[in-house]
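Predicted, not measured: the structure shown is a model, and the values here were computed from it. To find a chain, count down the sequence lines: A is the first, B the second, and so on, and within it residues start at 1.
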There are 2 protein chains.
Amino acid sequence: MDTTLAPLEALRQYFKQDYFPLTGEEEEALTRRFTERKVKRRAFLLQEGEVCRYASFVVAGCFRLYTVDKSGKEHNLLFAVENEWMTDLASFYAEQPSRVYIEALEPATVLQIRHDDLLDLFTHYHKFDRNFRILVERGYIDLQDRLLQSISTPAEERYQNFLTQYPHWARRLPNTQIASYLGITPEFLSKIRKDRVTKPGKA
Amino acid sequence: MDTTLAPLEALRQYFKQDYFPLTGEEEEALTRRFTERKVKRRAFLLQEGEVCRYASFVVAGCFRLYTVDKSGKEHNLLFAVENEWMTDLASFYAEQPSRVYIEALEPATVLQIRHDDLLDLFTHYHKFDRNFRILVERGYIDLQDRLLQSISTPAEERYQNFLTQYPHWARRLPNTQIASYLGITPEFLSKIRKDRVTKPGKA
DNA sequence: CGATGCCCTTAACCTAGCGTAAGAAATACC
DNA sequence: GGTATTTCTTACGCTAGGTTAAGGGCATCG
């Protein structure tokens with residue numbers, strides 16, 4: 001087992017499965033620009049005020065992206081586990097200081113590409129412009145859905161939807177984190193979960 | 001004054017100002033694929049359940065994109081006026097039934113492109129892949145900001161931010177629509193506005 | 001293997017923002 | 001120009017979800 005090759009292999013597989021397939025040359029150009037990085041549990045990939053210099057592809061472990069509001073409360077916006085991306089796109093693309101934190105919830109390994117290396121990739125290989133267009137489109141769609149729910153759906157139903165939409169996150173994350181994602185307190189989530197068992201005829 | 005030419009000219013200007021400049025050929029390819037359409041006040045560009053077949057560039061007038069929740073309440077997600085896009089990206093890209101409505105708040109004129117014509121454009125001209133990647137990136141950034149605010153900022157401050165971030169929308173839209181965008185009732189917005197005048201030392 | 005955090009739960013009280021109703025002002029449209 | 005719709009405002013009771021406090025389970029690390 002070659003541990004240095006394995007992460008890049010995961011990245012190759014990712015593009016092979018979900019996007020316009022890459023030629024050998026494109027694969028080479030892609031993988032050459034990524035750097036592996038290990039992150040401890042509780043460590044930050046990004047902190048508020050920093051510019052997000054890298055787009056990170058998660059190879060192992062688990063992250064959350066969150067804001068801290070004026071009263072000090074944390075709000076999770078996004079999670080990422082294996083084969084998902086974790087980047088503050090706003091900061092990354094605009095090269096502006098970020099308003100969010102990215103923290104590892106478990107010991108993690110990521111593959112990172114610098115902003116200029118990515119632009120470079122776009123300029124030289126048409127297909128990356130396209131694949132990353134699609135990638136952002138998907139992110140946009142998820143985000144719109146999230147906004148829609150957070151605006152127009154009561155907490156209990158948001159929790160239900162979370163369980164069915166993101167079972168791989170739900171299985172893995174502590175309820176504290178899920179509550180923050182749903183925009184409620186852990187106490188209130190606890191109540192919802194109890195009610196769900198008590199009155200199962202709700203479905 | 002040639003009224004058929006003017007709208008396309010607006011579209012050309014739009015790409016000239018904000019994106020990678022187009023060659024004459026690209027401009028031609030672009031404008032050839034757009035169709036002008038006039039929409040009456042209160043008319044729908046898209047209704048829930050329909051697939052959003054067109055990406056629409058607003059030449060004149062004003063639109064809102066909104067959902068209706070289970071209890072029948074409407075929630076505005078987005079506005080668009082001249083030189084902005086109004087499309088349900090989720091439905092448009094995935095070619096799935098939409099969950100939202102797009103309604104003209106004023107008599108309007110749009111330029112529309114079909115989904116397959118746009119893909120066509122992507123395949124033949126590298127630059128559109130890129131320009132629309134950037135376009136979606138910007139949309140993503142706005143959306144994330146919106147989500148961030150709706151999650152972590154109290155209504156009064158969201159209103160303030162709305163006024164400074166989107167003065168061109170604020171000037172033009174009835175408070176009812178703005179309230180719905182902010183996620184509050186018109187009655188509550190009314191209260192906020194009164195308080196703002198009464199205690200101006202808040203800033 | 002003991003202890004120091006986490007994480008989850010329950011319960012009693014509290015408040016921001018909503019629902020409703022209803023009058024006044026402003027706009028749209030014929 | 002006049003009638004019909006929206007739109008804006010005020011007021012008051014109400015509810016979803018937050019806050020605070022406190023106890024118990026279970027990991028994890030020395």
Side-chain angles (χ1 to χ4, degrees), chain A residues 40-43 61-62 64 66 68-76 79 103-107 149-160 162-163 169-199 202, chain B residues 39-43 61-62 64 66 68-76 79 103-108 149-160 162-163 169-199 202:
Chain A
K40 289 189 186 149
R41 187 177 130 92
R42 286 291 145 93
C62 170
R64 67 174 178 138
Y66 69 94
V68 179
D69 70 21
K70 284 183 179 164
S71 73
K73 264 173 292 182
E74 299 179 357
H75 305 271
N76 291 341
F79 299 115
E103 184 197 26
L105 293 172
E106 301 174 6
Q149 289 210 30
S150 98
I151 277 178
S152 68
T153 311
E156 185 171 345
E157 203 178 327
R158 292 208 300 280
Y159 179 57
Q160 294 291 359
F162 181 81
L163 292 183
W169 288 353
R171 236 177 283 126
R172 189 154 174 180
L173 296 162
N175 286 333
T176 333
Q177 297 303 333
I178 295 176
S180 166
Y181 181 93
L182 296 174
I184 59 179
T185 55
E187 292 84 353
F188 192 60
L189 177 55
S190 190
K191 193 183 198 172
I192 288 174
R193 287 160 51 84
K194 189 177 70 175
D195 293 356
R196 220 163 60 91
V197 177
T198 314
K199 44 169 180 176
K202 196 67 186 289
Chain B
V39 190
K40 287 187 187 154
R41 187 177 129 90
R42 286 290 145 95
C62 171
R64 67 173 177 139
Y66 69 94
V68 179
D69 70 22
K70 284 183 179 163
S71 72
K73 263 172 293 179
E74 299 179 356
H75 304 271
N76 291 341
F79 299 115
E103 184 196 26
L105 292 172
E106 302 173 6
Q149 288 209 30
S150 99
I151 277 178
S152 67
T153 312
E156 185 171 346
E157 203 179 327
R158 292 208 300 279
Y159 179 58
Q160 294 292 359
F162 180 82
L163 292 182
W169 288 354
R171 236 178 282 124
R172 190 155 173 180
L173 296 163
N175 286 334
T176 334
Q177 297 303 335
I178 295 175
S180 166
Y181 181 93
L182 295 174
I184 58 179
T185 55
E187 291 84 352
F188 192 60
L189 177 54
S190 189
K191 194 183 200 174
I192 287 174
R193 287 158 53 82
K194 190 177 70 174
D195 292 356
R196 222 162 59 90
V197 177
T198 313
K199 44 167 180 177
K202 196 67 186 291

Nearest-Å distance for atom pair CD/C1', residues B:Glu106 and C:dC29: 16 Å
Between D:dG18 (P) and A:Asp69 (CG): distance, integer Å: 12 Å
Donor-acceptor contact present, side-chain A:Ser180 to main-chain A:Asn76, <3.5 Å: yes
side-chain N/O B:Arg193 vs D:dC8 OP1/OP2, d < 4.0 Å: no
B:Tyr159 OH - C:dG17 P separation (whole Å): 16 Å
Rounded distance (Å) that lies between atom C1' of C:dC8 and atom NZ of A:Lys194: 12 Å
Interatomic spacing from CG in A:Leu182 to CD in A:Gln160 - rounded to 0.5 Å: 10.5 Å
Of the listed nucleotides C:dT20, D:dT6, D:dT20, the one nearest the side chain of B:Arg42: D:dT6
Euclidean distance, atom CZ of residue B:Phe188 to atom C1' of D:dT7 [Å, nearest integer]: 19 Å
Distance test, side-chain N/O of B:Arg41 to OP1/OP2 of C:dC29, below 4.0 Å: yes
Sugar-phosphate, base or nothing in reach of B:Thr185, heavy atoms under 4.0 Å: sugar-phosphate
Chi angles and distances behind the side-chain contact (heavy atoms from CB on, under 4.5 Å) call for B:Gln177, B:Tyr66: CA-CA 10 Å; B:Gln177 297 303 335; B:Tyr66 69 94; over 6 Å; no
Side-chain N,O (B:Asn175) to OP1/OP2 (D:dC8) below 4.0 Å: yes
Under-4.0 Å side-chain N/O to phosphate OP1/OP2 contact, B:Lys73 with C:dC18: no
CZ on A:Phe162 to CD on A:Gln149, rounded to 0.5 Å: 10.5 Å
Between D:dC29 (C1') and A:Lys40 (NZ): distance, integer Å: 15 Å
d(CD, A:Glu157; C1', D:dA16) in whole Å: 15 Å
Gap between atoms CD1 and P, on B:Ile192 and C:dA16 respectively (whole Å): 13 Å
Side-chain N or O of B:Thr176 closer than 4.0 Å to phosphate OP1/OP2 of D:dT6: no
Closest listed nucleotide, where the reference is the side chain of A:Ile184 and the choices are C:dC18, D:dT9, D:dG18: D:dG18
Nearest-neighbour nucleotide for the B:Glu187 side chain, D:dT10, C:dG17, C:dT10 considered: D:dT10
Straight-line distance of A:Arg41 CZ to A:Cys62 SG, nearest 0.5 Å: 10.5 Å
